[in-house]
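What follows is a short report on a single structure.
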Amino acid sequence: MRKDRKKIIMLLLLLALVLGSALSVYADENWSEDYYRAVDLTENLSEAQRNDLDSGCIEFMKTYHLDCCLLAVPTERYADSSMEELAGGMFTENGFGYGEGKDGFSIVYDAENGAEVILCMGKAQGVIDERYLDFIKKTVPKYQEEYGTYGPLYASLRMLSKEMEKLTEEGSYRIEDEGAKAAGESASEELVSEEDTSGEDISEEKAAGADAQKEDAKDQEAQKETLDADADLTRIDHQMAEQIREMAEQIENPTDADTGTDTGAEAAGEMPQIQPNLDAILTGQELYDYIEKVPKADLTRGQTDPQTRADETRTRVVDHADLLTDEEEKRLDARLYEIRKEIGTDLVVLTDTSCYGKDRSVYAADFYDYNGYGCGSRFEGACLLICMDPNDRGFWTCCTGSHTKNAYSYANANMMDDMLYQYAKQSRFQEGITDWAENFRRLIKNGHPFCYDWMKGKLPEDFTDPGAPRIVDDGHLLWPDEADRLRRTAKELSDIHGTDIVIHTCYNTAEMELADYEERFVRANGYGKGDSRSAILITVEKNPDYMAHVYVRCFGDAKAFDRGVGISRLQSRTETLISDNGAFEGLDACLGMTDSLIRKGRVPRSTLSWALSIALELVLGLILAGILLGRAKKRMDTPKVEENAEPYLVPGTLSVQNLKDSYISSSVSKTRKPSESSSSSRSSSSSRSSYSSSYSGSSGRSHSGSGRSF
Amino acid sequence: MSALLEHKCPACGGTMVFRPQDGLLQCEYCDTKMSVEDYAKTQAENTHQMEQEETAAQEAAAGQTDIQQDVQAPAPTDMQQGVQANTQTAPSPAPSEKPEQDDPNSQLSGFDFDSLTDQASDETAANLPVYYCVSCAAEVIAPAEQVALSCPYCGNNIVLTDKVSGPLRPDAIIPFSITSDQVAAAVKRYYKGKVLLPKGFFGASSIGNITGVYLPFWVFDGKVGGTVTYTGNKTSHYSEGNYNVTEVKHYYLSRKVSMQFQSIPIDASKKADDAIMDTVGPFDISKAKPFDMAYMAGFTADRFDVKKSAMKQKANTRIINSASRIAMARGTAGYSGVRHSKGNLNAELSARYMLFPLYLFELQHEGKKYPFAMNGQTGKVAGKLPIDKAVSRAYFWTRVGVTGGVLILFSVIKYLLGF
């Protein structure tokens with residue numbers, strides 16, 4: 001009898017194991033990855049942010065067997081319903097939910113009002129205390145100001161994760177397979193029932209006492225949880241802020257760990273194949289010989305060539321045209337590495353003496369693709385090709401990856417090409433390439449090639465930096481020695497007058513209001529002397545096609561100099577001098593005039609200005625004298641014979657009757673209307689880039705790019 | 001009856017002169033004052049009494065007193081004979097009794113110019129009548145157009161009645177309101193502010209004799225009427241597709257016009273400068289008095305000597321020109337490019353012969369004479385003033401210098417203050 005009982009138990013256990021594994025296998029198919037878990041109807045999330053949130057939701061689901069979906073909406077989207085209905089609808093209609101019970105959380109965040117709803121579906125109900133859910137809803141909106149829509153969504157997910165982690169550690173929440181659990185439970189029940197029938201008696205009082213003890217323990221635990229929850233909430237708040245900050249940076253600047261992993265849907269939905277690195281970088285004829293060998297089948301499928309993914313040992317600067325010295329190459333490569341780390345975009349530079357029969361755009365794309373450059377699953381990055389073919393000198397920027405291509409718009413391309421073109425014309429390639437790289441860094445990081453880091457983020461309070469350069473030539477209008485000379489002059493004047501004098505050249509203000517731009521520049525860089533942070537900022541905005549615009553603004557005590565026409569005269573004269581004589585001469589004269597303005601309260605006028613002014617005043621005198629002479633002559637009352645008798649017309653006797661108005665004929669003339677001139681004066685410039693929003697290299701991968709001949 | 005008329009004081013027999021300041025006649029010797037109307041009444045009574053005495057004397061005595069009048073002209077002209085006949089036989093008819101001249105060409109009613117005006121202007125010095133001053137019996141030869149004058153010997157004021165009688169009698173006269181003493185002040189006011197005059201132009205010694213004279217004027221009234229046709233256009237602009245269209249419609253415009261003009265003065269004296277005469281006006285016609293020679297006492301006077309055709313032409317031209325301008329402006333409003341097509345305006349003119357008071361004087365400067373006239377009724381002065389070129393240049397450049405200098409100084413101060 002005992003032996004038969006043991007056999008039955010073993011069989012049951014075996015059955016439980018089998019069922020459990022089956023269920024666990026089944027459990028992997030209990031969720032669908034067809035839809036993104038993070039949906040943004042406000043269009044504020046970048047693709048990277050959405051992918052990250054989606055990954056986080058899937059990870060959450062895999063970890064806790066509870067689905068999680070995030071939805072950011074504008075208020076108008078649920079005008080006819082409620083956020084709860086929206087949350088429920090999104091969850092069910094998209095087939096979210098883990099397992100048969102469709103368990104999970106549906107979070108809807110109103111980006112306009114900062115309101116959030118967390119809907120618990122299936123077994124997720126009751127898992128997390130309602131008070132904690134309220135805490136999440138109350139806390140997450142404050143991350144919107146700094147991190148945009150991404151902040152509250154990420155915070156919600158992380159706070160849920162942290163709480164689930166805590167509950168799991170404490171044992172309040174168990175992640176168990178349903179089948180194994182069911183089998184285990186039924187097995188234990190059988191065991192219990194078998195044991196019971198073996199003849200042992202359990203008194204009712206003993207069982208009731210045990211139950212009561214269990215109840216007490218649970219109550220105490222619940223009370224303890226309540227007491228700890230409030231303390232935990234504050235701690236979690238600070239942790240979340242830090243983690244969001246870290247996570248936000250990570251999203252924007254993915255590390256190596258993020259490269260080469262398949263964290264999003266590929267174009268074809270498949271992971272790229274990584275092959276070992278080649279020994280040498282392919283360029284020129286070698287490259288195209290290699291491409292010839294690639295099976296056509298790969299190309300027709302539109303796959304990237306599974307050759308290699310460039311690692312950190314592979315240089316990003318290939319200077320076949322010998323435009324850079326070895327030292328410059330190394331420095332540039334190091335800088336490109338830093339930029340890659342910072343923004344997760346692979347910037348590559350190739351100079352060559354020929355494009356080997358290909359268009360510059362294709363050569364740049366092929367070089368980039370077949371040498372395995374690019375960050376992330378989409379090979380984010382850009383390749384700058386400078387071709388020194390004597391018959392076709394020019395440059396081309398080839399962009400790869402959706403993020404990079406989206407950032408490299410036509411307007412941005414033109415601005416960056418404008419700057420590079422100036423350098424290329426002057427054969428200042430090292431500076432030009434470096435400048436291009438920095439512009440690209442800012443483009444990816446801040447959204448605009450000339451949106452400097454100081455234009456973002458909170459401004460520091462009461463920050464002064466005497467060591468900050470007073471001549472900032474972001475517009476690259478000055479040679480280094482010219483900048484030095486201006487720096488010395490500015491410092492001299494600054495020491496004499498106790499007012500910081502700063503010159504800043506730029507291409508444009510990156511679509512920021514001028515006043516904000518100037519304010520930020522001064523405060524972020526710590527300019528200003530004395531308690532009032534007295535400073536005079538001279539901003540020169542100049543792009544290659546247009547004359548300079550000069551803006552002078554006074555801060556602190558220096559505002560006393562801004563009276564009368566001094567500042568406007570300073571601005572207009574400097575603009576004229578820069579246009580006529582060049583940036584250095586103009587700015588040097590501007591410093592002199594600034595000195596005069598501070599000392600004497602006025603800006604000196606040029607001799608020509610005086611001459612014109614005097615001439616104009618004399619002309620006015622001539623005109624006035626002529627008028628007076630005419631009046632004097634009229635007063636001479638020279639007699640004249642009366643020719644008419646109108647003063648003698650008897651009032652009331654005039655009668656003019658219209659007898660007839662007869663139409664005779666008409667004549668019609670037509671002139672063609674003048675055609676509209678081109679919309680923007682900028683578009684009429686001759687030095688505009690060739691831009692392509694989408695083209696393919698030999699690999700078939702999509703690129704965008706722009707370039708010019710020089 | 002003598003063709004010379006002297007205005008004698010009824011009290012003492014002295015010479016009466018007309019006083020512009022109060023419009024009275026005053027004896028130069030006994031200061032007797034009376035109005036022109038009273039004087040005329042007195043004179044009429046005296047004349048009647050004298051006639052009665054003469055008749056009585058004639059009846060009592062057997063002889064006649066001859067009027068000593070020796071006309072040296074070889075043959076009196078018809079006009080003179082007519083004048084003399086008129087003056088000898090009967091008082092001049094009242095202006096209302098003048099015969100109307102039916103001349104369809106002239107369309108000018110009022111005065112019979114045909115035989116009078118042209119003949120009067122043909123008189124030469126050899127044909128000038130000689131008068132004998134009643135006071136001193138001196139021979140007085142007067143220019144043909146002169147009506148009133150002073151005896152060059154005894155200074156008596158003489159009116160040549162034959163030249164203002166009958167058909168030559170003016171319809172009205174505007175008496176002097178301004179005395180000769182006021183001329184200097186009026187001239188001073190006149191040249192005040194005229195900075196371009198040569199220096200010393202209006203000095204005290206440069207003004208010659210000031211002569212108060214009644215000058216002849218014809219005062220025309222006119223009725224204008226007629227039907228006139230014009231051509232005119234109406235222009236519209238609009239857009240049609242890719243074109244700007246301009247459409248011009250041409251019209252014939254037919255208008256019936258009528259209007260009246262009144263009291264247009266045109267001077268009838270050859271020696272008077274037309275421009276000065278036109279400028280020195282206007283004269284207030286409403287203050288004109290029925291003609292009486294007494295108003296001329298103490299002043300000289302001229303009668304008309306401009307040909308009828310010239311005056312008529314002048315009046316017609318002024319009236320028709322004005323009427324055409326007014327009719328076109330009023331009748332073609334709303335049309336552009338208006339031109340006269342056909343039809344004319346016709347004027348029916350009537351004229352009155354009047355004497356207007358003026359003070360005439362000349363200024364001499366650097367050998368040149370500059371005629372001036374002052375309106376004896378309003379005091380308005382008119383004359384052709386010279387413009388000194390050197391003064392003009394100095395005036396101009398001074399102002400250039402001052403204006404330019406002020407502006408330059410202003411800009412310097414503005415610069416120094418930092419503005």
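In the text below, chain A, chain B and the rest are named by the order of the sequence lines, each starting its count at 1.
- Ring geometry for Tyr527(A) against Phe521(A) counts as tilted: the plane angle lies between 30° and 60°, on a 0 to 90° scale.
- With hydrogens and angles left out, the side-chain atoms of Lys529(A) and Ser494(A) include a donor and acceptor closer than 3.5 Å.
- For Phe396(B), the parts sitting under 4.5 Å from any heavy atom of chain A are the backbone and the side chain alike.
- For the set Lys249(B), Lys314(B), Glu240(B), the entry with the most heavy-atom pairs within less than 4.5 Å of chain A is Lys249(B).
- Note: Thr279(B) leads Thr279(B), Asn321(B), Ile319(B), Thr317(B) in heavy-atom pairs under 4.5 Å with chain A.
- The closest side-chain donor-acceptor pair between Asn525(A) and His504(A), if any, does not fall under 3.5 angstrom.
- Each of Val224(B), Thr403(B), Val248(B) has some count of heavy-atom pairs under 4.5 Å with chain A, and the biggest count is that of Val248(B).
- In summary, the side chains of Ser341(B) and Thr229(B) do not present any donor paired with an acceptor at a separation below 3.5 Å, with no hydrogens or angles considered.
- Of all the listed residues (Pro282(B), Gly405(B), Ala275(B)), the one sharing the greatest number of non-hydrogen pairs under 4.5 Å with chain A is Ala275(B).
- Both the backbone and the side chain of Leu253(B) come within less than 4.5 Å of a heavy atom of chain A.
- A salt bridge links Arg553(A) and Glu518(A); the closest N-O separation between the charged side-chain nitrogens and carboxylate oxygens is under 4.0 Å.
- With chain B as the partner, the residue from Ala632(A), Pro651(A), Gly601(A), Gly566(A) showing the most heavy-atom pairs under 4.5 Å is Ala632(A).
- Your options are Arg399(B), Met259(B), Lys256(B), and the one with the most heavy-atom pairs under 4.5 Å with chain A is Lys256(B).
- To the nearest 0.5 Å, atoms CG (Asp500(A)) and CG (Leu493(A)) are separated by 11.5 Å.
- Stacking of Lys188(B) on the aromatic ring of Tyr190(B) is not recorded, the 6.0 Å distance cut-off and the 45° axial limit not both being met.
- Interface remark: Lys640(A) contributes backbone atoms only to the contact with chain B (heavy atom separation under 4.5 Å).
- Heavy atoms of Val412(B) lying under 4.5 Å from chain A belong to its backbone as well as its side chain.
- Of the listed residues (Val257(B), Asp278(B), Asn244(B)), the greatest number of heavy-atom pairs within a distance under 4.5 Å of chain A belongs to Asn244(B).
- Between the side chains of Ser411(B) and Glu617(A), a donor-acceptor pair is found at a separation under 3.5 Å.
- Heavy atoms closer than 4.5 Å to chain B are found in the backbone of Glu643(A), but not in its side chain.
- With respect to chain B, the highest number of heavy-atom pairs below 4.5 Å among Lys633(A), Lys670(A), Lys600(A) belongs to Lys670(A).
- Between Arg485(A) and Asp588(A) there is no salt bridge, since none of the side-chain N atoms of the basic residue sits less than 4.0 Å from a carboxylate O of the acidic one.
- Of the listed residues (Leu659(A), Val565(A), Val668(A)), the one with the most heavy-atom contacts under 4.5 Å to chain B is Leu659(A).
- Each of Asn581(A), Thr574(A), Asp580(A) was evaluated against Leu577(A); a single residue qualifies, Asn581(A), per the side-chain contact (heavy atoms from CB on, under 4.5 Å) test.
- Heavy-atom pairs under 4.5 Å with chain B were tallied for Val641(A), Ile614(A), Leu620(A), Asn658(A); the largest tally goes to Asn658(A).
- Using a 4.5 Å cut-off between heavy atoms, Pro647(A) does not touch chain B at all.
- Ranked by heavy-atom pairs under 4.5 Å with chain B, the list Leu618(A), Val603(A), Thr638(A) is led by Val603(A).
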Evaluate ring pair (Phe, Tyr, Trp, His ring centres under 6.0 Å) for Phe261(B) paired with Tyr648(A), printing each intermediate quantity in order.
CA-CA 5 Å; Phe261(B) 295 88; Tyr648(A) 302 96; 8.4 Å; no
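- Contact annotation for Ile320(B): neither backbone nor side-chain heavy atoms come within less than 4.5 Å of a heavy atom of chain A.
- We find that Asp388(B) and Arg393(B) are not joined by a salt bridge, their nearest charged nitrogen and carboxylate oxygen being 4.0 Å or further apart.
- Your options are Ser666(A), Pro639(A), Ser613(A), and the one with the most heavy-atom pairs under 4.5 Å with chain B is Pro639(A).
- For the residue pair Ser532(A)/Asp557(A), the side-chain donor-acceptor check at 3.5 Å is satisfied.
- Interface remark: Leu649(A) contributes backbone and side-chain atoms alike to the contact with chain B (heavy atom separation under 4.5 Å).
- For Arg605(A), the parts lying under 4.5 angstrom from a heavy atom of chain B are both the backbone and the side chain.
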